[in-house]
Number of protein chains: 2
Amino acid sequence: MTSPVGRASTTVATERAPLRSARAASVYREILGAILDHRLPPGTRLPEDEVGAVYGASRTIVRSALEALSHEGVVSIEPNRGAAVAHPTVAEARAVFEARQLIEPRVAATAAERAVEADIAMLRRQMEAEHDALHAGDHRRAIVLSGDFHNSIAAIAGQPVFASFVRELVVRSSLILSLYWRRREATCATPAHGALITALATGRSGEAARLMDEHIADLLDGLDLSERETRPVSLADMLALRR
Amino acid sequence: MTSPVGRASTTVATERAPLRSARAASVYREILGAILDHRLPPGTRLPEDEVGAVYGASRTIVRSALEALSHEGVVSIEPNRGAAVAHPTVAEARAVFEARQLIEPRVAATAAERAVEADIAMLRRQMEAEHDALHAGDHRRAIVLSGDFHNSIAAIAGQPVFASFVRELVVRSSLILSLYWRRREATCATPAHGALITALATGRSGEAARLMDEHIADLLDGLDLSERETRPVSLADMLALRR
DNA sequence: AAGCCTCGGATCGTATACAAACTGTGCTAA
DNA sequence: TTAGCACAGTTTGTATACGATCCGAGGCTT
């Protein structure tokens, strides 16, 4: 592990369409990892040369990685302006969670029907890792693992289309959380994951769906979306923030 | 309209993450259009130089367009092998329609709540255009317009995340239809679109959802997925087919 | 003093050159 | 005759050079 992101996700939610070159894929993963665990906050510029210098890659490679990230909505690219870590609006945040609330309960139900013992064991390991990270005060890692948990469930459901949707939604949620998360103490509702595992292990698809729905509703509830709604509109406020 | 695809979609389901360069976006649209209306069948190789020669673009541009297409699952890229029009398997076909069946009814319901008169008028125009194309025996155009119809509903619903998912699913469906469509006569069940418009116009969200669900089930029903299921597995069968 | 303009640095857009990889063909040897 | 191999042609992978664009700084004008 010589890379700067030594402790990136273990589940390695593999990108939907594998980048052709291994180098581009590597840069892609590094940047994604940095965004996921909030080392790169929303809005951070990602100049091609600079990124390339960091990872020892040429602009060609970096460009390919950035384009891939932009297709997933984690990076936004403006023509002639370059790439930056995406900065989801309140409306986007709502839309993402709305989509999660439709898709993930269904995915959880399917996962409950198909999960075998090894799957459950893996989920337990992930949850423990998340728990450990939380206890160690490693919030960055905890948030990444929490996302992995959702991705793993999608993987267990064995429906690749949904899995890729969930993957994208989870990644974007990470960005949203870093912008709009309200209660820093109640971190990511780990107990919800435990209950979910139980439902999955016992094959109760209906309950799994219900728990997932509640879990996501809970996450959404932890967001502070209403009051900032008008904030970015006011230029005065933005200037005040700068001074 | 000097382009070879003069009659591409009018709704122009704009790509999710706009390609940075206008040239790349143009190549992207041309290829996508050609895939959508089945001029480029699944499996067709897309060598960078060749595509570039056709559109008078350099490989850099073509590459960017192909990568974008591959992120949407319409083109598959294998490292060192290049790009080809995707060739969805039976399993993928099922997965895509399963996803549509979850997402689109919900989208239709939302659209029913939000549709204004102009929206309904647009849908009617699209349906008529589809109808005309069908009467003129222009199946290529009809299939594109049919996809546009679904995209428009998603646009009306005003939920960008769902809209982009629908867009991707619709595009992939076009590929699936060209491979697995069984009954060539009953083309795309236009009456279903008419009923849907009525439900949307009268704001009956529940009925819109139900109609959409049935419509997609109907599409799925028109696919010939079962018998080919085992075919690609057996090498002997494949060889037998060749002779 | 405020607004406008020009210029310079930084960054992106694109083409292209060269290297690496893969495919298929034809030759050679068993 | 057939298996293996070497080589040539084609296509992709990558770096880089050069031009275009954008943004901000500083000076100039009013």
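Throughout, a chain's letter reflects where its sequence line sits, starting with A, and its residues are numbered from 1.
Smallest separation of non-hydrogen atoms from Ser174(A) and His38(A): O-NE2, 2.9 Å. What you find for Val161(A) and Arg172(B) is that their closest heavy atoms are CG2-NH1, 4.2 Å. Residues Leu69(A) and Tyr28(A) share a closest heavy-atom pair of CD2-CE1, 3.6 Å. Among all heavy-atom pairs drawn from Leu175(A) and Gly73(A), the shortest one is CD2-O, 4.4 Å. The minimum heavy-atom distance between Gln126(A) and Asp148(A), with the atom names listed, is NE2-CB, 3.1 Å. The shortest non-hydrogen separation linking Pro41(B) to Val85(B) is O-CB, 3.5 Å.
First and last contacting nucleotides of DNA chain C toward chain B (any atom under 4.0 angstrom from a heavy atom, 5' to 3' order): dG13(C) to dT23(C).
When rounded to the nearest whole Å, the span between CG of Leu19(A) and C1' of dG13(D) equals 13 Å.
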Under 3.5 Å, which N/O atoms of the protein pair with N/O atoms of nucleotides 14-17 of chain D?
unit_1	atom_1	unit_2	atom_2	d
dT14(D)	OP2	Ser21(A)	OG	3.1
dA15(D)	OP1	Arg23(A)	NH2	2.6
dA15(D)	OP2	Ser58(A)	OG	2.4
dA15(D)	N7	Thr60(A)	OG1	2.6

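Within residues 44-53 of chain B, no residue has a heavy atom under 4.0 Å from DNA chain C.
For Arg114(B), the salt bridge (Lys or Arg N to Asp or Glu O under 4.0 Å) test picks out no residue, with sequence neighbours left out. Shown here are the side chain to side chain contact (heavy atoms under 4.5 Å, CB included) partners of Arg81(A), two or more places apart in sequence or in another chain: Arg45(A), Glu78(A). Residues that satisfy the side chain to side chain donor-acceptor pair (under 3.5 Å) test with Arg106(B), not counting sequence neighbours, are Glu98(A).
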Report task. Walk me through it: do Glu67(A) and Arg59(A) pass the test salt bridge (Lys or Arg N to Asp or Glu O under 4.0 Å)? Result -> CA-CA 12 Å; Glu67(A) 266 166 29; Arg59(A) 280 181 55 210; over 6 Å; no

